[in-house]
Structure formats: structure tokens, C-alpha cells
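Below, chain A is the first sequence line, B the second, and so on; all start at residue 1.
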Number of protein chains: 2
Amino acid sequence: MQKYNVLVADDEPEIRDAIEIYLKNENMNVFKASHGLEALDILEKEDIHLIILDVMMPGLDGIQTTFKIRESRNIPILMLSAKSEDTDKILGLTVGADDYLCKPFNPLELTARVKSQLRRYTHLGPYKATEDEIEVRGLVLNKRSKTVFVDQEEVRLTATEYRILELLIEHRGRVFSIEEIYEKVWKEPYFNGENTVAVHVRRIREKIEINPREPKYLKVVWGIGYKIEK
Amino acid sequence: MQKYNVLVADDEPEIRDAIEIYLKNENMNVFKASHGLEALDILEKEDIHLIILDVMMPGLDGIQTTFKIRESRNIPILMLSAKSEDTDKILGLTVGADDYLCKPFNPLELTARVKSQLRRYTHLGPYKATEDEIEVRGLVLNKRSKTVFVDQEEVRLTATEYRILELLIEHRGRVFSIEEIYEKVWKEPYFNGENTVAVHVRRIREKIEINPREPKYLKVVWGIGYKIEK
DNA sequence: CCGATTTCTTACAAATTTCTTACGAAGGGA
DNA sequence: TCCCTTCGTAAGAAATTTGTAAGAAATCGG
């Protein structure tokens, strides 16, 4: 999994440190700034994926900083504000931010919102360009609808089966070892001796192959792993 | 490319200015009004292609303004509302509007929706026009009047149910995870373990399906989420 | 052809995910 | 205020998926 870089700008060190702890716990890198100018500075030097800005800061405050950032970039911004401030006003002023939270905030909610913004940014954001539909000799996989067709006939795969097939078909031709498949699909370390992947491969074959004993699509490469024939 | 004229009506100058920046960046002209009457005035004098209206405004508010505009014109209207306001109310009242957004909003999302509406209105552009009425095998959803019909028979959905169904039917075929549905409809972060979406799905099925146990429209994709069959 | 290794196959129990129902709280309208 | 509708939660039921284990079959090097 990619490691995200998050920039936190707040004049109170306790808050910066607290947020740092929460986010590091979610496997993110945290950069800290005590005011807007410092934040802009870090933003230029580092490859930041998301910014948390406090509204009330000495010098450049959160709102001014947001405007500055928005002049050149579209990165997700999460605004923090004290509850005492007029929320209506805050609402108005935080335009330009992608989300906002009142202090004191619930750590769970903070991390949830951060993750949600990162998802949105990286999934729908400037990246993408991956094709929705992949086709290999009559085998069609649609990533948007998570459906699989064999010769126009829909095939119902389970979530795990689908993920294995998507991995293989997305890199068709390439051979994946059992260990590699397990770690990519389960996102957990693989321990030798597990038979799980083989069982799932069997089940996939049962569904997509005419004759599972002589697979046309999902082939084994002896002593190495599995692949989808190009 | 044609240059579009967009009218923004909001009593908060910061929001007007922010929106102006985003839209100018997309090569649009922006006219600004601080309340409904001023908006109607500008609308008469200028050749406006799209209107952004805040719900909460002194004098003529966004809803009253929409009704006034709709008496004579069919121009696209995008409604803005604070998240704190009751969504139930919002849904009911935004009848007449073509789209709506909660504040604080994501600038990317605002410009995307504005462009989408303009495309639809002017019938230009390579993208599909978003229809007011969406039909899937006897299930008809009208976005303008927020009504739903199953085989010509009207079905009364609640606000939340309607929004879930609209989300799914608008992207029919695509699978939405429970988390995705929750965040898109409630505009709040989702915490694991909540059963809310499932219950609403059940209620929707009870209303639109002949046999809720074997849904014809709103199907589950095990381990992934829900979708409306294409 | 043999033994060692790797993959396949099957069945079953455990785990996960979704469904269903009921109930109390909140809010709007009479 | 009372009634009605909608909403979210909880808890148990039902459905589906998943991993494990154990033996069979296939492949490879010699």
C-alpha cells in the first residue's frame, strides 16, 4: 500500500502532536507546521497528499492559506475550527476546503475523514486512466460493475475470486507466485504451506472454464505460479 | 469553446468570490447577486446559462427564487445548502432544482457539476446528457419531481430511500460498497459496524420489488456492495 | 519408471456478510 | 399535545463465502 504524506498546520503543538499520533497509526507520514507560511513552504518542498489546516493561526490563517493553495493546486484540504466560532461563518469561509471538522474532534472521525478524502483524491482524482473493461479471448471483466462474462454469459464470482482474477487479468501474461497472489489480494503476509490460493483458483476455474482440468484462461506455470494466457 | 455565463446568488461574499474564482478558472463569466431579487433582476438583463442558488438568503430565499424562475424558464439551477440543514427538508424543497450540493463543498465537485449541467442544457459535448427521467425495466425515477414509479404505479419513498435509489440507478450497473453509499448519501464518514444502509435497502426493496427476497432491481454483490442491474 | 515435489480436488466446519424484525427516539403536522 | 412517519440501532436468523485438511493426481529430474 502506498504511504501517504499529510501536512498538519496548527499553532497549538499539542494538537499537531495528537494528530500526528492518530495518522501515524494509520501508516501515514506526517509533516507539521505552526502557521500558514510554514505550511506553504513545506507544501512546495514535499510531496504532500492532503493538508489539515486550523482556521485560527497567527500570521496567515487557515482561510487565507486555503486561498493561496487553491491558486495553484487542487490537493484535498481539511479545515479545523473551534466550536465556539460561529459555525455559519465557518461554513461560508471554508469554501475552498474539501471538508471540515470542529474542535474538539473525535480522533476516529478525523482519521475517517482523512482516509475518505485520500480515497476520493486518488481514485477519482488526477490519476486513473485505467480501463474499466478488460477482455481476453471471450473472457470479459468489468471493474466498475465487478462482473465477469465468458462468451456473453455472466459468471458470478465471490469477492475473493474476483480480486484474484482481476489481479491476473490486469497483468495478463505475467506469472504470479502463490505468495504474491496471497499478499496482493489478502494484504497479509503469506505463510508457507497454505493451500488457500489453490482452492480459490480451482473455484474460479470451475466457473470460467469449460473444462477446469484443461484451463483455457487461468493456467498454471509449474513450480512458479499462475497466469492468464495473453 | 463557447463562454458560458453563470449567475451566483449567495448572501456571503466569500462564497460568491470563491465560486467566481473556480468558474473563471474554467473559462466562464460569473455574475453575482446577494439575494433572490437581485438574481431575478440580473437573470432578466443578462444571457445567463446556469444559476447557482444558496438556500438560505435574506429576502427571497433559494427555494422561493427557484419557483419564481421556473414560472417562466427552464434554465439549469444548482442549489447550495449547509449540511446542518435537515436533508429531508432540502430534498423536498429542492424540487425544481437540477442538482444540489452541501456546503462546505469540494471545488472540484462544484465545477464538475456545473459543467455537467451546462453540457446537458446546451446539448453539446461528447458526454451523455443526464436525463431527468431514468428508466430500468419498468422502474422509473424522475429526478426533477423526485418521484419513483414501478410499472406506472407510483411508489412513495422517504427522502433517504430516494437518495440511495437515485445514487444506484444513476450509475446503474456499478457496484457501491455500503461505506460508499453511506458517505455519498449522508455526507458523513462511515463507521464500521453500522447496519443503517442495509435496513434502508430492505425498506426500498419492500417498496419497489415484487418479492423483496429475490430482488429484481436492487441486487446485492456479496462481499462488495449493492447495485441496480442494468 | 521412481521418488520427490507441486498442484488439484473434495468435503466440511468456521467465519463473514447480509437479511429481517422489532423497538424507541425524533420530528412534523393536526 | 397527540398521532403519524421516518430513522437508526440492536440482535438474532439466514445465506454465502472462506480456509483447512487430507488424499489424489500430475509433473519433473534422473
Exercise. Can a donor-acceptor pair be found between the side chains of A/Glu166 and A/Tyr162 at a distance below 3.5 Å?
Worked result: yes
For this session: Tell whether A/Asn195 reaches the base of C/dT10 with its side chain through a donor-acceptor pair below 3.5 angstrom.
Result: no
Exercise. Taking atom C1' of D/dG19 as reference, at what distance in whole Å does atom CD1 of A/Ile164 sit?
Worked result: 12 Å
Exercise. Under 3.5 Å, is there a donor-acceptor pair between the side chain of A/Gln117 and the main chain of A/Val114?
Worked result: no
For this session: Would you indicate whether the side-chain heavy atoms of A/Leu118 and A/Met28 approach each other to under 4.5 Å?
Result: yes
Exercise. Under 4.0 angstrom, heavy atoms only, what part of the nucleic acid is B/Arg203 near: base, sugar-phosphate, or nothing?
Worked result: base
Exercise. Across the strands shown, which category fits B/Tyr226 at heavy-atom distances under 4.0 angstrom: base, sugar-phosphate, nothing?
Worked result: sugar-phosphate
For this session: Could you state the atom-to-atom distance from CH2 of B/Trp222 to P of C/dA15 in whole Å?
Result: 16 Å
For this session: For B/Glu214 and C/dT20, give me the distance from atom CD to atom C1', rounded to whole Å.
Result: 16 Å
Problem set entry | Rounded interatomic separation in angstrom, taking CD from B/Glu161 and P from D/dT5 | 13 Å
Exercise. Quick one: A/Tyr182 OH to D/dT20 C1', roughly how many Å, whole number?
Worked result: 12 Å
Exercise. Any salt bridge between B/Asp98 and B/Arg144, counting N to O under 4.0 Å?
Worked result: yes
For this session: Specify the residue among A/Leu157 and B/His200 whose closest nucleotide of DNA chain D lies further upstream toward the 5′ end.
Result: B/His200
For this session: Using atom types as modelled and distance alone, determine if a side-chain donor or acceptor of A/Thr66 lies under 3.5 Å from a backbone N or O of A/Gly62.
Result: yes
Seminar exercise, completed: When rounded to whole Å, the CZ to C1' distance for the pair A/Arg163 and D/dG19 reads 14 Å
For this session: Report yes if some heavy atom in the side chain of B/Leu53 is under 4.5 Å from a heavy atom in the side chain of B/Tyr100; otherwise report no.
Result: no
Exercise. When the distance from CD of B/Glu194 to C1' of D/dA11 is rounded to whole Å, what number comes out?
Worked result: 16 Å
Exercise. Angle, rounded to 10°, between the helical axes spanning five pairs at each terminus of the helix from C/dC1-D/dG30 to C/dA30-D/dT1?
Worked result: 40°
Problem set entry | Side-chain N or O of A/Arg213 closer than 4.0 Å to phosphate OP1/OP2 of C/dT9 | yes
For this session: Ignoring backbone atoms, test whether A/Thr160 places a side-chain nitrogen or oxygen under 4.0 Å from the OP1 or OP2 oxygen of D/dT17.
Result: no
Problem set entry | Beyond-backbone contact of A/Thr111 with A/Leu23, side-chain heavy atoms, under 4.5 angstrom | yes
Exercise. When you check the phosphate oxygens OP1 and OP2 of D/dT9, does a side-chain N or O of B/Thr196 lie under 4.0 Å from one of them?
Worked result: yes
For this session: Figure out the CD1/C1' separation between B/Ile204 and D/dT6, and round it to whole Å.
Result: 13 Å
For this session: Would you kindly compare A/Glu206 and B/Val221 by the position of their nearest DNA chain C nucleotide and give the one closer to the 5′ end?
Result: A/Glu206
Problem set entry | Exam field: side chain A/Asn211 to backbone A/Arg213, donor-acceptor pair closer than 3.5 Å | yes
For this session: Tell me what B/Val199 touches on the nucleic acid: a base, only sugar-phosphate, or nothing, going by heavy atoms under 4.0 Å.
Result: base
Problem set entry | Check: D/dG19 base within 3.5 Å donor-acceptor of A/Arg202 side chain | no
